[in-house]
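This report refers to the structure that appears directly beneath it.
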Amino acid sequence: MKVGIFVSILVCSILASGAYAGERHGQGHVATLNPTIAVDRATIRSDVTQLRTDKKASNADAVAADKTKLSTDAATLQSDRTALHTAISSDPAVQADKATLKTDYSKLSTDRTQLRTDRTAGNTAAVATDKATLTADRTQDKADRAQLIKDEGVVAAKPLR
């Protein structure tokens with residue numbers, strides 16, 4: 001029973017986390033693209049299958065070895081995830097994209113403030129211009145976010161080892 005609980009918790013936390021890998025916005029999708037992490041996850045799935053087989057066969061020595069291997073492979077996966085996160089964060093294109101998004105955020109904030117000011121003043125002509133500016137800046141922000149995701153994907157597609 002203890003092995004079953006151990007396997008369930010470990011499998012749920014490792015395999016299910018592959019959907020987003022526990023990282024911040026923009027990087028979850030890339031963890032599933034990385035070939036090194038895909039191999040790590042496949043290895044863990046194989047380890048779990050072997051552990052279940054050995055448990056059903058009541059092979060205590062093999063179960064202990066399987067648990068050790070599973071723990072080691074889980075640590076490797078975590079290490080590779082950290083390496084992927086570091087590679088993405090330190091990539092010059094990704095850093096430039098993040099700086100661009102900060103500028104976009106500032107522009108959007110300024111646009112919203114100006115729109116509120118002009119609405120309060122009852123300046124309908126300026127409100128129309130403000131709305132157009134806000135729409136254009138939102139479109140640019142969306143394009144810049146797409147570029148960030150693309151650049152993160154390029155980095156993530158490279159093997160880590």
Side-chain angles (χ1 to χ4, degrees), residues 1-112 134-161:
M1 184 64 175
K2 289 183 179 179
V3 172
I5 292 171
F6 172 78
V7 170
S8 295
I9 292 171
L10 188 63
V11 169
C12 287
S13 67
I14 292 171
L15 299 180
S17 67
Y20 191 51
E23 278 123 345
R24 56 144 198 88
H25 161 75
Q27 291 185 355
H29 62 285
V30 298
T32 57
L33 297 174
N34 186 273
T36 306
I37 290 177
V39 168
D40 291 347
R41 292 180 70 209
T43 301
I44 289 171
R45 279 193 285 279
S46 174
D47 292 347
V48 169
T49 301
Q50 186 61 48
L51 178 62
R52 287 179 178 159
T53 300
D54 290 341
K55 182 184 172 204
K56 284 182 183 177
S58 299
N59 188 343
D61 292 337
V63 167
D66 293 343
K67 286 171 71 174
T68 301
K69 183 170 181 339
L70 186 58
S71 294
T72 301
D73 291 342
T76 300
L77 174 61
Q78 186 59 42
S79 172
D80 288 344
R81 281 181 171 167
T82 301
L84 176 62
H85 179 73
T86 301
I88 290 170
S89 296
S90 63
D91 183 72
V94 171
Q95 290 176 344
D97 293 341
K98 288 179 182 179
T100 300
L101 287 173
K102 284 183 181 182
T103 302
D104 290 349
Y105 179 80
S106 178
K107 284 181 184 178
L108 290 169
S109 180
T110 301
D111 292 348
R112 287 186 199 102
L134 183 58
T135 300
D137 287 346
R138 282 181 179 155
T139 301
Q140 184 61 50
D141 180 63
K142 186 175 180 179
D144 292 341
R145 287 182 188 280
Q147 184 63 44
L148 173 64
I149 290 169
K150 178 183 171 192
D151 289 343
E152 287 176 338
V154 168
V155 176
K158 298 175 187 172
L160 297 170
R161 315 181 222 136

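Numbers for residues simply follow the sequence, beginning at 1. Scope of the values below: all heavy atoms of this structure, side chains included, with no hydrogens, waters or symmetry mates. All of these numbers come straight from a predicted model, not from anything done at the bench.
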Check [X] against [Y] and note the closest heavy-atom contact, atom names and distance.
X: Ala157; Y: Pro35; result: O-CD, 3.4 Å
X: Asp104; Y: Gln140; result: OD2-O, 4.0 Å
X: Ile44; Y: Ala74; result: CD1-CA, 3.8 Å
X: Ala156; Y: Ile88; result: CB-CD1, 4.3 Å
X: Lys158; Y: Asn34; result: O-ND2, 3.0 Å

Run Lys102 and Ser106 through side-chain contact (heavy atoms from CB on, under 4.5 Å) and show every step you take.
CA-CA 6 Å; Lys102 284 183 181 182; Ser106 178; over 6 Å; no
Counting distance only, does the side-chain N/O of [X] pair as donor-acceptor with the main-chain N or O of [Y] below 3.5 Å?
X: Ser46; Y: Ala42; value: no
X: Thr36; Y: Pro159; value: no
X: Ser109; Y: Tyr105; value: no
X: Asp80; Y: Asp40; value: no
X: Gln147; Y: Asp97; value: no
X: Ser79; Y: Ala75; value: no

Give, for atom [atom1] of [X] and atom [atom2] of [Y], the distance between the pair rounded to the nearest 0.5 Å.
X: Leu160; Y: Thr82; atom1: CG; atom2: OG1; value: 10.5 Å
X: Arg145; Y: Thr100; atom1: CZ; atom2: OG1; value: 11.5 Å
X: Lys55; Y: Gln50; atom1: NZ; atom2: CD; value: 14.5 Å
X: Leu101; Y: Leu108; atom1: CG; atom2: CG; value: 10.0 Å

Asp47 vs Asp66, side-chain contact (heavy atoms from CB on, under 4.5 Å): CA-CA, chis, key distance, verdict:
CA-CA 7 Å; Asp47 292 347; Asp66 293 343; over 6 Å; no
Stepwise side-chain contact (heavy atoms from CB on, under 4.5 Å) test for Ser89 and Lys98:
CA-CA 10 Å; Ser89 296; Lys98 288 179 182 179; 4.2 Å; yes
I'd like to check the side-chain contact (heavy atoms from CB on, under 4.5 Å) partners of Lys142; sequence neighbours left out, ordered by chain and number.
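For Lys142 there are no side-chain contact (heavy atoms from CB on, under 4.5 Å) partners, ignoring immediate neighbours.
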Asp137: which residues meet the salt bridge (Lys or Arg N to Asp or Glu O under 4.0 Å) condition with it, sequence neighbours left out?
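Listed in chain order: nothing, the list is empty.
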Salt bridge (Lys or Arg N to Asp or Glu O under 4.0 Å) with Asp54: which residues, sequence neighbours excluded?
none
Salt bridge Lys69-Asp73, side-chain N to carboxylate O under 4.0 Å
yes
